[in-house]
Protein chains: 2
Amino acid sequence: MTPRESTTAPAPAAIGLLLADDHPVVRAGLRAVLETEPDFEVVADVPTAEEAVERAARPDVDVVLMDLQFGGRMLGSQATAAITARAGAPHVLVLTTFDTDADILAAIEAGATGYLLKDAPPEELAAAVRAAAAGKSALAPTIALRLMDRMRAPAAALSRRETEVLQLVADGLSNAAISKQLFLSQATVKSHLVHIYAKLGVDSRTAAVAAATARGLIRR
Amino acid sequence: MTPRESTTAPAPAAIGLLLADDHPVVRAGLRAVLETEPDFEVVADVPTAEEAVERAARPDVDVVLMDLQFGGRMLGSQATAAITARAGAPHVLVLTTFDTDADILAAIEAGATGYLLKDAPPEELAAAVRAAAAGKSALAPTIALRLMDRMRAPAAALSRRETEVLQLVADGLSNAAISKQLFLSQATVKSHLVHIYAKLGVDSRTAAVAAATARGLIRR
DNA sequence: TCCGGCATCCACCTTTTGATTGATGCCGGT
DNA sequence: ACCGGCATCAATCAAAAGGTGGATGCCGGA
């Protein structure tokens with residue numbers, strides 16, 4: 001399915017939607033679901049993050065439905081940041097399959113107005129789009145819960161470097177290999193790991209990987 | 001979106017399709033994409049694996065498009081097995097987001113006729129459905145490649161017990177904890193691990209977890 | 001300006017893991 | 001009946017990882 005432009009004249013009060021997802025089936029599904037709403041107007045759908053950034057610049061777009069994982073290089077979160085950085089930018093509603101902390105935080109930091117899971121029922125989807133169009137934030141219940149948990153917990157946020165080290169641990173590297181890869185001494189790697197263990201409440205590298213994966217701090 | 005039955009009379013030579021996916025958006029998308037083909041007739045779509053098994057028993061279903069991961073308890077692979085076990089059963093085309101070895105093998109063992117990724121372009125999808133209707137197997141190129149690799153490689157299949165041990169390792173347990181959990185001595189756990197490392201071509205527990213995860217041998 | 005978090009490093013010691021070798025019993029297929 | 005794979009256990013040694021207790025320099029906010 002190639003990007004498609006609507007040829008019908010937009011109704012005056014319609015909310016203009018841009019769909020960005022690399023799955024043709026999902027684009028078609030969103031289009032089918034959203035077009036049943038009389039006040040929605042899907043003005044275009046695009047298969048890449050780059051095209052989304054480009055197309056979102058046009059004034060007929062009020063809300064962008066953005067996938068987070070594209071097959072290509074640019075991430076949905078980067079595209080979101082690029083779109084929301086402009087003045088008078090449309091609101092971005094992130095719509096993704098996964099609900100890992102890392103993804104959610106990246107999207108919110110990038111300026112997303114809402115965050116929904118793809119398994120959301122159509123009514124929830126429509127409600128979120130209307131909320132986004134009005135500039136109100138909309139979070140899926142699952143996501144909201146997760147964020148609550150996160151706030152409640154003493155925030156086990158890892159520093160940039162710690163995350164980097166832990167990711168390499170998850171990739172199966174030894175401390176020696178990690179130290180070479182990051183141009184550090186093994187002492188430093190160990191030191192980072194000690195801090196990571198403390199923050200995650202574990203006492204071994206495998207347990208740290210399990211905990212971080214469960215909390216979405218690193219990619220699997 | 002609730003399950004929907006078509007009210008139009010089926011065209012004589014049409015291929016009857018049953019869509020099974022827990023995402024409303026995906027069901028709508030598949031419906032939209034497949035209904036553009038004149039020789040396809042979507043006779044129903046269902047949101048659960050259980051309903052898929054039930055509905056597939058009706059004679060108007062020629063091909064079932066089956067998701068592998070449902071929110072609920074029954075797995076797509078189990079539903080596939082249940083459907084294909086019956087005489088005169090429709091062909092099942094597995095359609096999923098992921099391409100892990102474990103998923104693929106489970107689907108093939110369950111009797112799936114084909115295996116496609118959800119990001120497949122509509123033409124590929126239609127071609128696969130026609131192939132499935134004719135009883136011919138259809139694999140996405142990515143999947144086919146992966147299977148080739150798997151055949152070529154010395155088959156790193158782990159035994160039941162080994163998989164069990166490795167899963168606990170991935171959950172972050174120490175050898176001592178694993179031995180208690182499985183009522184083994186630590187010596188046995190170590191022995192299993194040695195075999196696992198050899199099969200996976202690695203030399204540490206974290207690397208084994210990384211390798212097994214990459215090959216879909218254990219659940220993340 | 002001072003403090004705290006971050007990132008970097010060192011030394012010493014303990015515990016866990018991995019490598020090697022070898023042994024037993026069970027089960028399924030030829 | 002035999003062989004091979006699997007699961008089970010043991011002992012020993014070497015290597016890697018974890019625990020403790022430091023130290024330094026940088027940077028940004030109170």
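So that the names make sense, note that chain A is the first sequence line, chain B the second, and so on, each numbered from 1.
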B:S204 vs C:dT17: side-chain N/O to OP1/OP2 distance below 4.0 Å
no
Whole Å only: how far is the CG atom of A:L173 from the P atom of D:dA17?
10 Å
Calculate the interatomic distance between B:R205 atom CZ and D:dA17 atom P; express it in whole Å.
11 Å
Atom-to-atom span, CG of B:N175 to P of C:dG18 - whole angstrom:
6 Å
Hits for side-chain hydrogen bond (donor to acceptor under 3.5 Å, both in side chains) against A:E164, two or more places apart or cross-chain, chain-then-number order -> A:R161
Figure out the CG/P separation between B:L166 and D:dA7, and round it to whole Å.
13 Å
Quick one: which of B:D45, B:L95, B:V26 gives a side chain to side chain contact (heavy atoms under 4.5 Å, CB included) with B:L19?
B:D45
Taking atom C1' of D:dC6 as reference, at what distance in whole Å does atom CD of B:E164 sit?
13 Å
Terminal axes of the helix from C:dT1-D:dA30 to C:dT30-D:dA1 (5 end pairs apiece), angle rounded to 10 degrees, sit apart by 50°
Not counting sequence neighbours, which residues clear side-chain hydrogen bond (donor to acceptor under 3.5 Å, both in side chains) with A:T206? List them please.
A:S204
When the side chains of residues 190-197 of chain A are checked against the rest of the protein, which donor-acceptor pairs come out under 3.5 Å, sequence neighbours left out?
residue	atom	partner	partner atom	Å
A:H195	ND1	A:S191	O	3.3
A:Y197	OH	A:R205	N	3.3

Partners passing side-chain contact (heavy atoms from CB on, under 4.5 Å) against A:A210 (at least two apart in sequence or in another chain):
none
Where each residue is assigned the nucleotide of DNA chain D containing its nearest heavy atom, which of B:R160 and A:D203 is assigned the position nearer the 5′ end?
B:R160
side-chain contact (heavy atoms from CB on, under 4.5 Å) against B:A170, all qualifying residues, sequence neighbours excluded:
B:Q167, B:V209, B:I218
Regarding the side chain of B:Y197, the nearest nucleotide among C:dT17, C:dG18, D:dG19 is C:dG18
Do A:E162 side-chain atoms and A:S159 backbone N/O form a donor-acceptor pair below 3.5 Å?
yes
A:I178 CD1 to C:dT8 C1': how many Å, rounded?
16 Å
A:S174 side chain: which of D:dC6, D:dA17, C:dG18 is closest?
D:dA17
Is it true that A:R130 and A:D39 have a side-chain N and a carboxylate O under 4.0 angstrom from each other?
yes
Could you run down the sub-3.5 Å N/O contacts of the protein with nucleotides 26-30 of chain D?
none

Indicate whether OP1 or OP2 belonging to D:dT8 is found under 4.0 Å from a side-chain N or O atom of B:R161.
yes
List for me each residue that meets salt bridge (charged side-chain N to carboxylate O under 4.0 Å, His left out) alongside A:K118, sequence neighbours excluded, and say none if there are none.
A:D21, A:D67
What residues 182-194 of chain B contributes to the DNA chain C interface at heavy-atom separation below 4.0 Å is B:K190, B:L193, B:V194
Please enumerate all residues that pass side-chain contact (heavy atoms from CB on, under 4.5 Å) together with A:A120, with sequence neighbours excluded.
A:E124
Spacing of B:E162 atom CD relative to D:dT8 atom C1', expressed in whole Å:
13 Å
What is the separation between atom CD1 on B:I196 and atom P on D:dT8, rounded to the nearest whole Å?
12 Å
Using the test side-chain hydrogen bond (donor to acceptor under 3.5 Å, both in side chains), find all partners of B:H91 that sit at least two apart in sequence or belong to another chain.
B:T113
Residues two or more places apart in sequence or in another chain: which of them pass side-chain contact (heavy atoms from CB on, under 4.5 Å) with A:K180?
none
